[in-house]
Amino acid sequence: MDDQLADDDKLLFVPELPEVETIARGLASRVKGDIISSVWLGSKPEPLKSPAAQIAATLESSRISDVRRVGKHIVFDLDRVARTPSSAKSSRAAKRRLDHADEKNSQWIVHLGMSGRLLLCEPGTKIAKHTHAILTLRSGRELRFVDPRRFGRLSVAHSFEALGAEPLEVELEEFVSVFRGRKTPIKSALLNQSLLSGVGNIYADESLFRAGVRPRRRASSLTKAELRRLFLSLKEVLNEAIKAGGSSISNYVDANGEAGFFQLQHHVYGREGEPCLVCKRPIKRIVIAGRSSHYCMACQK
DNA sequence: ACTATTTCCTGGATGC
DNA sequence: TGCATCCAGGAAATAG
């Protein structure tokens, strides 16, 4: 089963907020409390945003206290596990090193990029092509980071925070103030992670469809009523996708090995030329800032 | 301070 | 069949 998973690298899904939420929840239920006993990092430098030695030093001998989503990032909260009981107290320098290592709030930050996956494997499972990191856990299992396109990023931090507001937590007032006065197309503004965290191409298109707003509209041109509709639509579509276990294109599999099927509910994304599910007119596809954008001419103004 | 464009990557799809 | 070319995407870097 795991061999099949490891062999399959023709995946074509891009994890956005609902997918990352699904993956983080799945991982939390499976690795919370486990301890990272050793770390292997591959030779390809791109996926490592922090120095390899720093990542390895932070992860090794740490206990995973939680796994959660922040924007499109997966955050592993780590507790340092005491390595040597009392011998390290001998010198001041050693004490200082120990104090430093004792940082309670270390975190491993994983961004999956386009093609990144975190696989929980039994030992001995064939190493998939494009495996960039392997964490061996005290339970014997291995947590592997596999990413063919290497757009994913691994780093360590102490108190990681997303730049933009969380779409599921943001309040209407802040949502409105974030977009008001921006000349950029509303589609681009939705994708801008420093404004909102976690919205990608699929959910930008789907929320704009649901709100009845065309993607090329300048953000500043949206009325208060339209911004309110977009605010509600975005929350709805993200919550529905999380409920459905994240979108899947091709055969995306989450951390529990269960497929997500939200793509069956997509109204515009990837449906160019197909009839609008509301008015039957063909869905249009245009390019905005290099990103394909799908919308219905009749349903969106 | 913003906004727009380019770049990084691989593999799947397409065309000759 | 093989080879070249294009395309997808998030975010960082670069340019305006």
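Just so it is clear, the model here is predicted, and its values are computed rather than measured. So that the names make sense, note that chain A is the first sequence line, chain B the second, and so on, each numbered from 1.
Each of A/L168, A/L208, A/V199 was compared with A/L234 under the side-chain contact (heavy atoms from CB on, under 4.5 Å) criterion, and only A/V199 meets it. Across A/Y269, A/Y203, A/F209, a single residue satisfies ring-ring contact (aromatic ring centres under 6.0 Å, His included) together with A/H294, and that is A/Y269.
An OP1 or OP2 oxygen of C/dA11 is reached within less than 4.0 angstrom by a side-chain nitrogen or oxygen of A/H111. Contact annotation: A/T184 reaches the phosphate of B/dA4 (side-chain N/O to OP1 or OP2, under 4.0 Å). For B/dG11, the OP1/OP2 oxygens have a side-chain nitrogen or oxygen of A/H130 closer than 4.0 Å. Put simply, A/R285 has a side-chain N or O that comes within less than 4.0 Å of OP1 or OP2 on C/dA8. Of the side-chain N and O atoms in A/K183, none sit less than 4.0 angstrom from OP1 or OP2 of B/dA4. Phosphate proximity of C/dA11 to A/K49: absent, as no side-chain N or O sits under 4.0 Å from OP1 or OP2.
Of all non-hydrogen atoms in A/A204 and A/S207, the two that sit nearest each other are O-OG, 3.1 Å.
A donor atom on one side chain and an acceptor atom on the other are found under 3.5 Å apart for A/S115 and A/D147.
Which of C/dG10, C/dA8, C/dA12 sits closest to the side chain of A/F151 comes down to C/dG10. Side chain of A/P185, nearest nucleotide from C/dA11, C/dA8, B/dA4: B/dA4.
In this structure, A/R150 and A/R182 both approach DNA chain B, and ranking their closest nucleotides by distance from the 5' end singles out A/R182.
Rounded to an integer number of Å, the gap from NE2 of A/H132 to P of B/dC8 is 17 Å. Summarising the geometry, the separation between NZ on A/K187 and C1' on B/dA4 is reported as 16 Å, rounded to the nearest angstrom. Put simply, CD1 on A/I186 is 11 Å from P on B/dT3, counting in whole angstrom units. The distance from atom CZ of A/R149 to atom C1' of C/dA12 is 18 Å, rounded to the nearest whole Å. When rounded to the nearest whole Å, the span between CG of A/N192 and C1' of B/dA4 equals 12 Å. Regarding A/L17, its CG atom lies at a distance of 13 Å from the P atom of C/dG10, rounded to whole Å. Protein atom CG of A/L191 is 14 Å distant from nucleotide atom C1' of B/dA4, rounded to whole Å. Protein atom CZ of A/R117 is 16 Å distant from nucleotide atom P of B/dT10, rounded to whole Å.
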Before giving the answer on salt bridge (charged side-chain N to carboxylate O under 4.0 Å, His left out), spell out for A/R69 and A/E166 the whole-Å C-alpha distance, their side-chain angles and the decisive distance to 0.1 Å.
CA-CA 10 Å; A/R69 177 194 64 78; A/E166 273 293 331; 3.0 Å; yes
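Across all strands shown, A/G152 has no heavy atoms under 4.0 Å from either base or sugar-phosphate atoms. Nucleic acid contact class of A/S188 (heavy atoms, under 4.0 Å, all strands): none.
Residue-to-nucleotide contacts include no donor-acceptor pair under 3.5 Å from the side chain of A/R291 to the base of C/dA8.
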